[in-house]
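First up is the structure itself, then whatever we jot down about it.
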Amino acid sequence: MNVVTILGSGTSTGIPILGCKCDVCNSTNPANLRLRTSVFLTTALGKNILVDTTPDLRSQLLQHKPDSIDAVIMTHDHADHTHGIDDLRPYSLYQNKDLPLYCSPETAASIRRKFDYIFSPKPVIGGGIPQLKLIEVPLGLLSIEQEDFEFFSLPHGRVHTTGFRHRSLAYLIDCHDVPIEVCERLKEMKLDWLIIDCVKPSPHDTHLGYEKTIEIIKKIQPLRAGLIHMGHEWDHDQLQLRLQRDGLLEAVPLKDRDILQYR
Ligand SMILES: [Zn+2]
Ligand SMILES: [Zn+2]
């Protein structure tokens with residue numbers, strides 16, 4: 001079995017939002033505490049693959065405690081998905097090799113610019129930098145650490161996010177739509193789990209809002225669907241009830257530290 005661990009399930013601010021007085025941000029239900037969205041795959045062959053380096057990466061890895069990281073996949077270069085990149089430093093140091101970091105050419109260009117101290121380093125005095133090897137992924141199939149991945153381009157406002165499928169898991173976050181050909185391909189693959197963006201109850205310019213998320217789940221027809229990247233408009237238990245009321249019995253709101261298995 002392959003395992004995906006939810007390192008974080010929250011929108012870009014994390015939940016609670018600093019200074020916010022709303023009911024969800026002040027809730028005592030631990031299911032409403034959400035670090036920034038990221039997942040960790042441990043494959044049946046024992047490979048460890050991190051997806052995104054959020055600003056919460058250090059605390060996420062302190063909780064998850066992986067022995068090693070074999071590869072990192074970066075979905076897109078927004079602050080909530082990349083700004084923890086420097087916390088890869090200890091892993092590249094202890095493992096004594098360049099950590100491969102896979103992303104689209106668009107994301108690669110953006111993170112080369114933003115983190116130029118890592119990717120075009122001048123001689124460093126003191127400290128150190130994460131030793132990363134940037135690998136640009138094409139759309140379609142690609143083997144990473146002897147594992148077959150399939151990559152898709154998803155529209156996310158003015159930029160694109162890289163969604164992927166690994167065996168019977170698909171991960172589609174930070175997108176305002178999912179192209180019909182991607183839905184059809186994923187339906188064909190008979191997914192065990194679809195992890196999908198659902199930022200808020202109402203429509204959103206750069207993310208999937210509730211109705212759109214449901215529409216995509218119905219097109220893909222996975223065995224189970226897990227909603228992620230949730231904002232403070234969502235109370236965990238109320239979202240669960242709403243999914244049940246709407247007949248989406250295969251869908252659940254994910255929460256931090258959930259562990260899902262897939263073939
Ligand atoms: Zn995001
Ligand atoms: Zn984003």
Side-chain angles (χ1 to χ4, degrees), residues 4-18 20 24-25 32-41 49-61 72-88 101-115 136-137 139 151-164 169-179 182 194-210 212-213 216 225-234 236 239 253-258:
V4 53
T5 303
I6 309 303
L7 299 183
S9 58
T11 194
S12 56
T13 49
I15 309 295
I17 297 175
L18 293 170
C20 182
V24 171
C25 287
N32 284 327
L33 293 176
R34 304 178 184 125
L35 296 179
R36 265 58 77 92
T37 288
S38 166
V39 297
F40 198 96
L41 313 182
I49 299 172
L50 170 68
V51 182
D52 287 337
T53 59
T54 82
D56 297 317
L57 185 62
R58 184 170 176 278
S59 31
Q60 289 168 327
L61 294 180
V72 180
I73 295 172
M74 210 70 114
T75 58
H76 66 300
D77 181 20
H78 276 165
D80 53 326
H81 298 266
T82 58
H83 281 199
I85 195 169
D86 203 72
D87 287 332
L88 294 175
L101 192 158
Y102 294 84
C103 62
S104 70
E106 178 183 326
T107 300
S110 181
I111 63 178
R112 269 196 198 99
R113 254 195 325 272
K114 194 187 275 177
F115 302 105
E136 296 184 7
V137 300
L139 296 181
F151 291 101
F152 310 103
S153 180
L154 308 171
H156 180 33
R158 281 196 209 91
V159 300
H160 297 88
T161 296
T162 303
F164 68 82
L169 166 79
Y171 188 68
L172 309 178
I173 59 156
D174 288 62
C175 55
H176 61 261
D177 201 0
V178 179
V182 175
L194 168 66
I195 298 180
I196 186 166
D197 192 342
C198 187
V199 76
K200 63 199 283 200
S202 53
H204 191 279
D205 288 340
T206 62
H207 284 270
L208 300 174
Y210 183 78
K212 194 80 188 161
T213 303
I216 307 289
L227 278 45
I228 201 165
H229 210 294
M230 287 163 295
H232 65 165
E233 295 85 354
W234 287 128
H236 182 273
L239 175 53
L254 294 172
K255 52 189 192 318
D256 293 17
R257 296 190 291 282
D258 275 350

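Because the structure is predicted, anything quoted here is derived from the model rather than measured. Atoms within a ligand are numbered from 1 in the order they appear, just like the ligands themselves. Sequence positions, counted from 1, serve as the residue numbers for this chain.
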Item checked: Centroid-centroid distance, His81 to His229, less than 6.0 Å ->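 Yes, ring centres under 6.0 Å apart.
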
Check: Do the ring centers of His78 and His83 come within less than 6.0 Å of each other?
Finding: no

Check: So what does the Asp174 OD2 - the Zn ion (ligand 1) - Asp80 OD2 angle come to, to 10°?
Finding: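 Seen from the Zn ion (ligand 1), OD2 and OD2 are separated by roughly 160°.
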
Item checked: Apex the Zn ion (ligand 1) - arms NE2 from His81 and NE2 from His229 - angle rounded to 10° -> 110°

Check: Atom CD1 in Ile85, atom CZ in Phe115: separation rounded to 0.5 Å?
Finding: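 It comes to 5.5 Å.
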
Checklist line | the Zn ion (ligand 1) contact by His78, N, O or S atom under 2.8 Å | finding: no

Margin query: Taking N, O or S atoms only and a limit of 2.8 Å, check whether His76 reaches the Zn ion (ligand 1).
Written below: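 It does not: His76 brings no N, O or S atom closer than 2.8 Å to the Zn ion (ligand 1).
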
Item checked: N/O donor-acceptor pair under 3.5 Å between Thr53 side chain and Thr82 backbone -> yes

Note to self: Check the orientation of His156 and His76. Use parallel for under 30°, tilted for 30 to 60°, and perpendicular for over 60°.
What the structure shows: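 His156 and His76: perpendicular rings.
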
Check: Within less than 2.8 Å of the Zn ion (ligand 2), any N, O or S from His156?
Finding: yes

